[in-house]
Amino acid sequence: MCQESKTGRTHCTILSNEPLAEGVRELIFESPAMAASARPGQFVSVYCRHQGQLLPRPISICEIDRDNGRLHLVYACRGKGTREFADYRPGERVDVMGPLGNGFPLGAAGETNLIIGGGVGTPPLVELCKQLPGRKVVAVSFRSDPYLIERLALYGEVLVATRDGSVGVRGNAMKIVEDRGLTGTIFACGPTPMLRAVQAYAARRELPAYLSLEERMGCGFGCCVGCVTKIRDDGEAGFSYRKVCKDGPVFAAEEVIFS
Amino acid sequence: MCQESKTGRTHCTILSNEPLAEGVRELIFESPAMAASARPGQFVSVYCRHQGQLLPRPISICEIDRDNGRLHLVYACRGKGTREFADYRPGERVDVMGPLGNGFPLGAAGETNLIIGGGVGTPPLVELCKQLPGRKVVAVSFRSDPYLIERLALYGEVLVATRDGSVGVRGNAMKIVEDRGLTGTIFACGPTPMLRAVQAYAARRELPAYLSLEERMGCGFGCCVGCVTKIRDDGEAGFSYRKVCKDGPVFAAEEVIFS
Amino acid sequence: MNLRVNIAGVELKNPIMTASGTFGSGKDFVDYVDLNRIGCVVVKGVAKTPWPGNQPPRIAEAYGGILNAVGLQNPGVDAFCQDDIPFLRGFDTKIAVNIAGRTIDEYVEVAERLASADVDLLELNISCPNVKEGGVAFGVDPAMAEAVTRAVKAVAGQPLIVKLSPNVTDIAAIARAVEAGGADAVSLINTLLGARIDVHRRAFVLSTKQGGLSGPAIKPVAVRMVYQVARAVHLPIIGMGGIMTGEDAAEFLMAGATAVAVGTANLFKPTATMDILDELITFMQTTGVEDVNTLIGVVK
Amino acid sequence: MNLRVNIAGVELKNPIMTASGTFGSGKDFVDYVDLNRIGCVVVKGVAKTPWPGNQPPRIAEAYGGILNAVGLQNPGVDAFCQDDIPFLRGFDTKIAVNIAGRTIDEYVEVAERLASADVDLLELNISCPNVKEGGVAFGVDPAMAEAVTRAVKAVAGQPLIVKLSPNVTDIAAIARAVEAGGADAVSLINTLLGARIDVHRRAFVLSTKQGGLSGPAIKPVAVRMVYQVARAVHLPIIGMGGIMTGEDAAEFLMAGATAVAVGTANLFKPTATMDILDELITFMQTTGVEDVNTLIGVVK
Ligand SMILES: Cc1cc2nc3c(=O)[nH]c(=O)nc-3n(C[C@H](O)[C@H](O)[C@H](O)COP(=O)(O)OP(=O)(O)OC[C@H]3O[C@@H](n4cnc5c(N)ncnc54)[C@H](O)[C@@H]3O)c2cc1C
Ligand SMILES: Cc1cc2nc3c(=O)[nH]c(=O)nc-3n(C[C@H](O)[C@H](O)[C@H](O)COP(=O)(O)OP(=O)(O)OC[C@H]3O[C@@H](n4cnc5c(N)ncnc54)[C@H](O)[C@@H]3O)c2cc1C
Ligand SMILES: Cc1cc2nc3c(=O)[nH]c(=O)nc-3n(C[C@H](O)[C@H](O)[C@H](O)COP(=O)(O)O)c2cc1C
Ligand SMILES: Cc1cc2nc3c(=O)[nH]c(=O)nc-3n(C[C@H](O)[C@H](O)[C@H](O)COP(=O)(O)O)c2cc1C
Ligand code: FES
Ligand code: FES
């Protein structure tokens with residue numbers, strides 16, 4: 001049970017923390033309040049126990065289990081924080097704050113939707129596929145060892161690429177999309193080079209596209225102006241810095257300036 | 001089991017961490033190596049999990065269970081570190097380094113020994129009484145709620161005082177000693193005002209006396225010169241600063257300069 | 001129990017303030033905090049015209065703290081007056097405006113614009129390490145610090161707090177200079193200059209290479225400086241730097257601060273201001289302190 | 001893999017040194033550390049005659065660090081030469097002697113006494129915040145820093161490292177001054193001035209009120225200063241301040257240090273030097289670095 005309150009930052013009980021692939025784990029924790037309000041594409045801030053490491057680790061919500069009051073996160077063990085998370089055991093507590101950000105615009109769904117993911121950009125696409133209306137084609141890529149494929153396959157056709165070619169096409173998800181000339185309303189989450197390619201492809205084909213961005217965060221809820229990204233506007237400079245945590249993490253592709 | 005190594009600082013498994021009195025607990029942990037070499041009056045450094053709090057907490061060894069490879073500590077929950085210790089559960093690990101310091105000079109035991117303790121100065125007296133030869137009279141005082149009395153009673157007569165008079169004499173252990181005019185070779189551990197009174201009493205009665213001192217520590221093993229106390233010498237200044245952690249914590253009473 | 005303190009004639013209901021740049025103008029906190037309970041909200045730095053701020057990454061983690069290089073992104077004083085003052089005036093709390101500038105003239109223009117605005121205090125930021133012209137030159141040179149203080153004080157419509165940089169050899173000298181320049185109060189410390197390298201990417205984490213270190217890691221430096229400044233000037237002091245708990249707040253008061261500001265703690269615990277206020281009250285209760293003013297400078 | 005680095009003509013087998021005052025003369029570490037594996041042992045500050053040091057308490061805890069006010073307690077240069085040099089010469093490691101003094105003459109006398117001693121390097125401590133005359137005045141004034149460096153260099157029998165204080169507005173200026181004075185290398189940083197108040201006792205924790213802050217809390221300040229100094233002078237730099245891991249060591253090398261010193265980490269983990277060396281080697285292996293010298297100053 002979560003101690004729900006207006007603290008924002010709550011102690012939540014861990015239900016499971018199992019490996020999904022090499023260096024990738026799924027963490028399930030209890031929070032009826034968060035599960036009740038969460039939307040696809042939102043994220044939560046997970047805090048370290050190590051009190052030298054004070055910043056939140058933003059992790060997308062992979063699945064929302066409203067019935068049981070649970071959230072599922074899928075995370076890669078990379079730096080000090082996520083490697084710490086890997087050791088958590090069921091029954092232990094973790095400090096979480098969320099849900100945060102705006103998530104994907106479900107109302108923008110087309111008849112056909114092209115869902116594009118790379119690596120740990122894939123997790124939020126599971127709940128997105130679950131809730132997004134319309135036909136869904138999913139193209140996802142991984143370094144070598146794919147995960148979450150079966151869950152995505154519940155909602156549409158899934159096309160897989162791996163960097164080493166061990167599973168599916170060799171290359172990244174955009175190679176599949178380009179080779180097949182796939183179209184539809186695009187929802188994408190993944191590394192910046194992939195998102196840049198999505199943006200170019202969407203522009204060329206004149207497809208509506210939404211990109212979920214990453215940036216280093218200080219607070220995760222909008223107060224520090226730490227997590228900005230360049231968003232096109234009419235001002236003198238042609239852009240202004242907007243907050244990934246509060247104004248995003250999802251932005252319309254044509255607004256985003258990758259620099 | 002302890003991962004014994006030359007690290008000095010070792011992960012030890014906690015076997016028990018039960019309350020003995022209001023705000024006082026006994027922590028039992030496993031360490032065959034430490035148990036094999038420990039002597040009465042030595043201490044260990046216990047480290048916090050909170051990585052903002054890096055300094056060791058020096059805690060005296062209360063009992064040495066060589067047969068089972070265990071050490072017993074008895075600690076008061078006072079500041080941030082010891083309050084953290086209070087939450088540890090059996091099966092969890094704690095970082096400990098030791099045994100440290102020199103302990104009580106067992107060879108100095110007299111025919112009659114006067115063992116004087118106050119508050120959390122009492123714990124090391126249990127193992128001392130266990131190992132010290134000769135007759136033992138024990139005078140100990142507490143704020144209100146005495147502890148470790150039954151264990152001390154195994155080795156000699158125990159006289160108790162409490163500050164509020166709720167148990168035994170009202171006052172501190174030195175009141176008992178003075179009132180009864182007790183004599184013998186003195187071994188004492190407790191708050192500075194009590195040790196100062198012990199020193200004066202021993203001088204007046206010409207009794208040999210050994211005092212276990214406290215000071216704030218940086219390292220606990222002698223490298224930082226942080227934990228010094230004034231020890232009489234022949235130099236110009238009449239004293240030099242000696243390390244409580246390495247040269248002590250026990251010093252002959254006539255050497256100590258309380259300032 | 002009395003929690004009221006007085007900063008240059010402005011009475012705060014309690015000594016808990018927010019540190020500029022860590023609380024926006026409070027809007028992001030209404031879900032977590034009752035703004036009516038905060039002594040004074042110090043808003044993020046406001047300049048004459050909108051500033052874009054620095055490129056990302058603007059945030060790096062440090063042990064017990066964070067490095068930031070926000071670079072005073074702000075929408076300018078006009079947008080501030082229009083959007084933020086009415087919002088904050090909806091609550092029973094004092095408002096202090098942190099002023100950013102690149103030249104004396106720019107500082108003066110913001111203060112002039114605010115002279116008729118409905119705010120309670122001005123805080124002159126001559127110590128932002130994150131923009132080349134963010135006042136840092138003013139903050140490290142006593143003569144320049146005095147000059148900019150004097151110029152802004154001449155046009156200020158509200159009592160003037162000057163915010164000091166810790167990146168100096170002698171902070172007491174800077175404090176004396178701004179006192180001579182007419183400051184009504186000083187606040188300290190701003191962030192310590194620091195840097196972090198990502199050894200895998202072989203590059204600085206922050207786009208600006210160096211940034212400002214804040215959080216509990218800097219608290220001992222801040223307490224030392226508050227104590228030094230309290231001995232050097234007769235001005236009220238707003239103490240800050242790594243305050244995480246009510247006892248931390250009490251520590252700054254005892255070192256000589258009249259009020260304290262909570263900064264980085266807001267970022268990872270949005271209820272920090274309330275929690276710290278509650279803990280300060282508990283600390284006063286358990287130690288028998290009737291009036292918070294009796295804590296100020298009690299340690300000599 | 002090459003780990004050898006060269007400090008002013010003295011070749012260290014690896015870039016791991018100890019920070020003065022945190023390792024004694026190594027005797028307390030023989031149970032935990034193979035001294036033969038340390039690039040250079042920098043011993044605790046040594047003065048002309050024995051110094052008693054400050055009254056206790058000398059240690060206070062800070063978030064992610066410690067405050068110390070040891071005050072350079074030491075037995076004097078004669079006792080050092082008699083007891084510590086023979087001990088350390090029993091190991092295959094370089095020896096650097098940290099020199100403490102109150103006046104230029106005192107520094108000079110220690111250096112003269114050591115000129116004929118069997119040690120490899122001298123480290124001039126003009127930055128100890130813990131004794132009124134512990135050189136701190138020399139460390140914050142470029143002209144004085146240059147003067148004391150020149151005087152000691154004139155009599156030094158070994159290459160001279162000058163240890164810089166971080167408690168200055170412009171550390172690059174001090175570094176340039178000691179370079180002009182003839183320093184062969186610089187080491188930085190010494191501790192940051194800080195203080196801690198015990199709010200229950202209403203008193204400073206340290207007997208000296210303020211002390212020196214060290215440990216991971218200060219690392220970002222240290223990395224920034226190493227980078228600044230590397231851009232200001234042509235001398236080899238020994239980087240230190242909060243190094244806890246091999247990656248921390250790599251960070252200082254990349255910022256421009258030729259070698260690094262491990263300080264506070266020794267206190268709560270006596271194997272720290274060995275662990276950091278092993279981790280640095282692992283870091284080099286996994287990132288394909290053949291020669292540690294290629295890391296030095298690689299981040300621009
Ligand atoms: C909106 C959003 C959603 C995300 N969703 C997921 C997800 O579902 N699964 C997943 O595995 N990862 C996700 N990430 C990336 C994840 O936040 C980082 O991998 C993680 O923060 C790294 O922390 P660390 O302690 O392992 O690394 P460290 O290097 O120790 O982290 C140091 C600091 O840098 C920050 N940081 C490091 N890498 C990143 C990054 N790529 N993006 C943002 N901050 C970073 C950390 O949060 C921390 O503050 C997401 C990032 C964002 C911004
Ligand atoms: C040789 C020795 C043996 C001791 N044996 C015992 C024992 O058996 N049982 C027991 O309950 N206590 C004992 N103490 C006291 C115990 O070390 C402190 O109560 C404890 O360190 C307080 O830590 P804290 O985190 O609760 O307090 P905090 O105030 O959070 O501690 C902050 C820092 O101050 C140090 N510190 C605070 N109080 C003391 C103190 N009285 N002595 C030394 N350092 C202090 C802490 O170690 C820490 O480094 C002993 C002290 C010494 C020196
Ligand atoms: C993200 C961030 C932004 C900041 N922006 C400003 C600012 O605009 N103006 C200013 O005077 N100080 C600014 N500061 C400094 C804080 O107000 C405060 O002086 C400093 O962070 C120390 O306090 P702390 O350790 O409690 O954060 C900023 C600090 C942070 C962390
Ligand atoms: C207990 C202690 C004693 C110190 N004594 C000295 C000294 O005698 N001479 C000196 O130059 N620096 C001294 N220092 C400073 C360290 O050498 C080092 O510069 C500083 O602690 C920063 O490194 P760290 O964070 O790794 O400890 C001392 C530091 C500590 C913690
Ligand atoms: S992380 Fe603070 S505003 Fe986005
Ligand atoms: S605590 Fe370091 S020498 Fe005693």
Side-chain angles (χ1 to χ4, degrees), chain B residues 5-11 33 37 45-48 50-58 78-81 95-100 192 213-231 233 235-248 257-259, chain D residues 18-19 21-34 44-45 49-75 196 198 200 205-207 211 214-217 242 244 263-272 274-275:
Chain B
S5 72
K6 280 182 67 188
T7 62
R9 183 170 166 160
T10 40
H11 300 305
S37 70
S45 281
V46 184
Y47 296 88
C48 299
H50 190 299
Q51 293 292 320
Q53 296 155 211
L54 297 169
L55 290 182
R57 270 57 183 173
R78 282 197 180 142
K80 291 180 191 162
D95 266 23
V96 183
M97 175 161 157
L100 299 166
T192 302
L213 305 185
E214 277 192 12
E215 192 44 72
R216 277 164 191 266
M217 297 190 176
C219 65
F221 60 94
C223 77
C224 76
V225 206
C227 61
V228 296
T229 194
K230 280 189 184 166
I231 296 296
D233 73 5
E236 232 173 277
F239 72 89
S240 55
Y241 282 120
R242 303 287 296 281
K243 303 170 190 170
V244 169
C245 73
K246 190 140 186 172
D247 302 320
I257 302 178
F258 290 107
S259 53
Chain D
T18 63
T22 65
F23 206 76
S25 296
K27 287 178 187 160
D28 299 306
F29 287 84
V30 286
D31 289 343
Y32 310 112
V33 164
D34 178 1
K44 67 172 182 299
T49 52
W51 286 13
N54 292 323
Q55 282 211 304
R58 292 178 174 183
I59 300 280
E61 190 167 64
Y63 202 109
I66 73 171
L67 286 161
N68 92 80
V70 168
L72 292 170
Q73 174 173 345
N74 79 90
R196 171 123 195 225
D198 181 328
H200 294 281
V205 176
L206 296 176
S207 68
S214 62
M244 302 269 280
T264 301
N266 290 306
L267 271 55
F268 45 83
K269 200 179 171 205
T271 55
M274 294 298 89
D275 297 343

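Below, chains carry the letters A, B, ... as their sequence lines are ordered, and counting in each starts from 1. Small disclaimer: the values here were computed from a predicted structure and weren't measured.
No side-chain heavy atom of D:Lys44 sits less than 4.5 Å from a side-chain heavy atom of D:Thr22.
Only the backbone of D:Phe23 comes within less than 4.5 Å of a heavy atom in chain B; its side chain stays farther off. Contacts of D:Gln73 with chain B are made by side-chain atoms alone, with heavy-atom separations under 4.5 Å and no backbone atom involved. Contacts between D:Asn266 and chain B at a heavy-atom distance below 4.5 Å involve the backbone alone (N, CA, C, O). Only the backbone of D:Ala60 comes within contact range of chain B, with heavy atoms under 4.5 Å apart. With a 4.5 angstrom heavy-atom cutoff, D:Pro216 touches chain B only via side-chain atoms.
Ranked by non-hydrogen atom pairs under 4.5 Å with chain D, the options B:Gly222, B:Ser45, B:Pro56, B:Cys223 are led by B:Cys223.
Counting all heavy atoms, side chain and backbone alike, B:Glu215 lies closest to B:Val228 at CG-O, 3.6 Å.
Under a cutoff of 6.0 Å and an axis angle of 45°, B:Arg9 and D:Tyr32 do not form a cation-pi pair.
No close placement of the B:His11 and B:Tyr47 rings is indicated, their centers lying 6.0 Å or farther apart.
With no hydrogens or angles considered, no side-chain donor-acceptor pair links D:Ser207 and D:Asn54 at under 3.5 Å.
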